[in-house]
Amino acid sequence: MEHTKQELARQTAQAAQDHVDGERLRLAIAELASFGGRSDGGVSRETLTDTDLKARRHLVDRARSMGCVVEIDDCANLFFRRAGQSDLPSVLTGSHADTQPVGGKLDGAYGVLAGLEVIQALNDAAVPTLRSVEVVAWTNEEGSRFGPGCMGSSAFVEPARLAGYRAVVDGNQVAFGEALDRALEAMPDVPRRALRQPLAGFVELHIEQGPVLEHAGVPLGVVTGIQSVRWYRVQVTGVAAHAGTTPMEVRADAMAASVEVAHCLYAEAAKLAASQLRLTLGRWVVSPNSINTIPGAVEFTIDVRCVDEQVLAGFDRTLRDIIGTNAGRGRMALECLFERPPTRFAQEMLTLVEEACTRASHLACRPPPIRVTSGAFHDAMYLAEHCPTAMIFVPSQGGLSHNAAEETAHEDLLLGAQALAYAVTRMACA
Ligand code: HGY
Ligand code: MN
Ligand code: MN
């Protein structure tokens with residue numbers, strides 16, 4: 001009996017995979033990319049901006065046109081559901097629809113749209129599933145406008161986090177709570193649901209955003225886990241003064257002090273190159289930001305990541321020493337904004353995703369999948385605390401992402417969606 005059930009699940013999963021339509025997916029990606037589309041081919045659709053709200057409405061309309069039930073939770077995470085034959089916990093797929101300030105059309109969006117394509121494929125195959133299949137568009141994965149990243153998925157897993165998130169402000173002093181309330185008010189026709197729902201599992205399809213798959217010449221990656229990450233903000237306070245009249249030896253130059261700290265951090269990262277530590281000082285705010293005034297205040301961010309969390313802990317200690325040593329040249333404040341240990345996905349999920357990727361690759365006469373660790377963080381790093389979770393990667397051309405030129409070959413995007421359809425359907429039939 002069990003064998004028949006398994007065989008039926010495989011046949012249903014194969015039917016879903018066979019009905020994935022590459023052209024429909026390509027059009028869906030192009031359509032969503034038009035919300036915040038840029039002349040350089042990139043996308044600017046930061047979380048909860050008017051552009052993002054319009055994109056969200058577009059996704060709701062598309063999902064409803066496919067017969068999905070649509071719901072929204074208290075962190076404005078959007079859920080698109082294809083009902084199953086039972087009220088057992090759903091199988092969830094999806095990703096995020098927000099982008100970097102200058103991002104690409106695939107980071108996040110591909111996972112959401114491939115999830116909707118899976119639902120359309122199930123509809124076209126006219127196959128029932130025991131469990132409902134849900135697609136999610138998580139709120140604020142990028143964390144660029146409002147830090148930290150993954151606010152929607154982390155609040156879904158631990159609702160108590162939302163209160164603290166609401167107070168976070170963006171560069172224009174707009175609070176996340178205010179933007180969130182606007183987003184919720186913009187969806188009066190979408191029923192509200194509580195955060196933290198039981199789930200049978202979560203599978204996220206995403207572009208790799210790095211060079212590994214392309215270098216290996218392999219179209220699909222089975223993601224084993226996600227490296228650890230820490231974000232900090234450094235605030236340096238000096239004295240604004242005249243650039244022409246103030247002798248160098250009497251200055252309290254916040255930029256000179258900041259550059260000194262940055263120099264020490266890059267030198268430390270170079271010492272740790274063998275551990276693949278990655279350091280980025282991505283955002284600088286200088287005030288008064290005038291060519292002929294000595295900077296009175298500088299704020300800059302630190303994004304540091306490594307597969308070995310002990311290396312990050314060591315870097316943290318060195319960072320605090322560097323700040324302490326340089327504080328004499330201006331007051332320095334260090335704040336940790338975000339900290340995630342390494343994520344490891346459950347073995348049974350790796351087996352499922354490996355089967356799905358192997359089948360899809362074989363049927364397409366492409367090389368079999370390889371196992372990779374994710375250099376980027378994803379909402380799956382929080383879902384892994386909540387339910388059996390896995391990720392599938394497709395290659396990024398030139399390993400490039402968080403860049404308008406982000407691109408993936410269409411046949412790889414199709415293959416990823418086929419593997420996703422198989423994996424999600426297998427779970428939904430169990
Ligand atoms: O920063 C990250 O790793 C993700 O792409 N937001
Ligand atoms: Mn992403
Ligand atoms: Mn991203």
In this structure, is the centre-to-centre distance between the rings of Phe202 and His386 below 6.0 Å?
no
Among side-chain atoms of Tyr165 and Ser154, is any donor-acceptor pair under 3.5 angstrom?
yes
Donor + acceptor pair across side chains of Asn77, Trp138 (<3.5 Å)
no
Listing request: all salt bridge (charged side-chain N to carboxylate O under 4.0 Å, His left out) pairs with a residue in residues 377-397, at least two apart in sequence or in separate chains.
Arg340-Glu385
Do Thr47 and Arg145 have side-chain N/O donor and acceptor atoms under 3.5 Å apart?
no
Enter the distance from Glu406:CD to Asp107:CG here, rounded to the nearest 0.5 Å.
5.0 Å
Does a donor on one side chain and an acceptor on the other come within less than 3.5 Å for Gln17 and Gln418?
no
Taking only residues at least two apart or on different chains, which pairs with a member in residues 25-36 satisfy side-chain hydrogen bond (donor to acceptor under 3.5 Å, both in side chains)?
Glu23-Arg26
Please determine whether a side-chain nitrogen of the Lys or Arg among Asp74 and Arg196 lies less than 4.0 Å from a carboxylate oxygen of the Asp or Glu.
no
Nearest 0.5 Å, please: how far is CZ in Arg64 from CZ in Phe80?
9.5 Å
Using modelled atom types and a 3.5 Å cut-off, is there a donor and acceptor pairing between side-chain atoms of Arg82 and backbone atoms of Leu122?
yes
So which pairs with a foot in residues 416-426 pass salt bridge (charged side-chain N to carboxylate O under 4.0 Å, His left out), sequence neighbours left out?
Glu355-Arg426
Going by an N to O cut-off under 4.0 Å, is there a salt bridge joining Arg56 and Asp52?
yes
Carboxylate-amine/guanidinium proximity below 4.0 Å for Lys271 and Glu268
yes
Residue pair Glu208, Ser396: steps toward the side-chain hydrogen bond (donor to acceptor under 3.5 Å, both in side chains) verdict:
CA-CA 6 Å; Glu208 179 205 332; Ser396 292; 6.0 Å; no
Applying the side chain to side chain donor-acceptor pair (under 3.5 Å) criterion to Tyr232, which one of Thr301, Asp303, Asp316 satisfies it?
Asp316
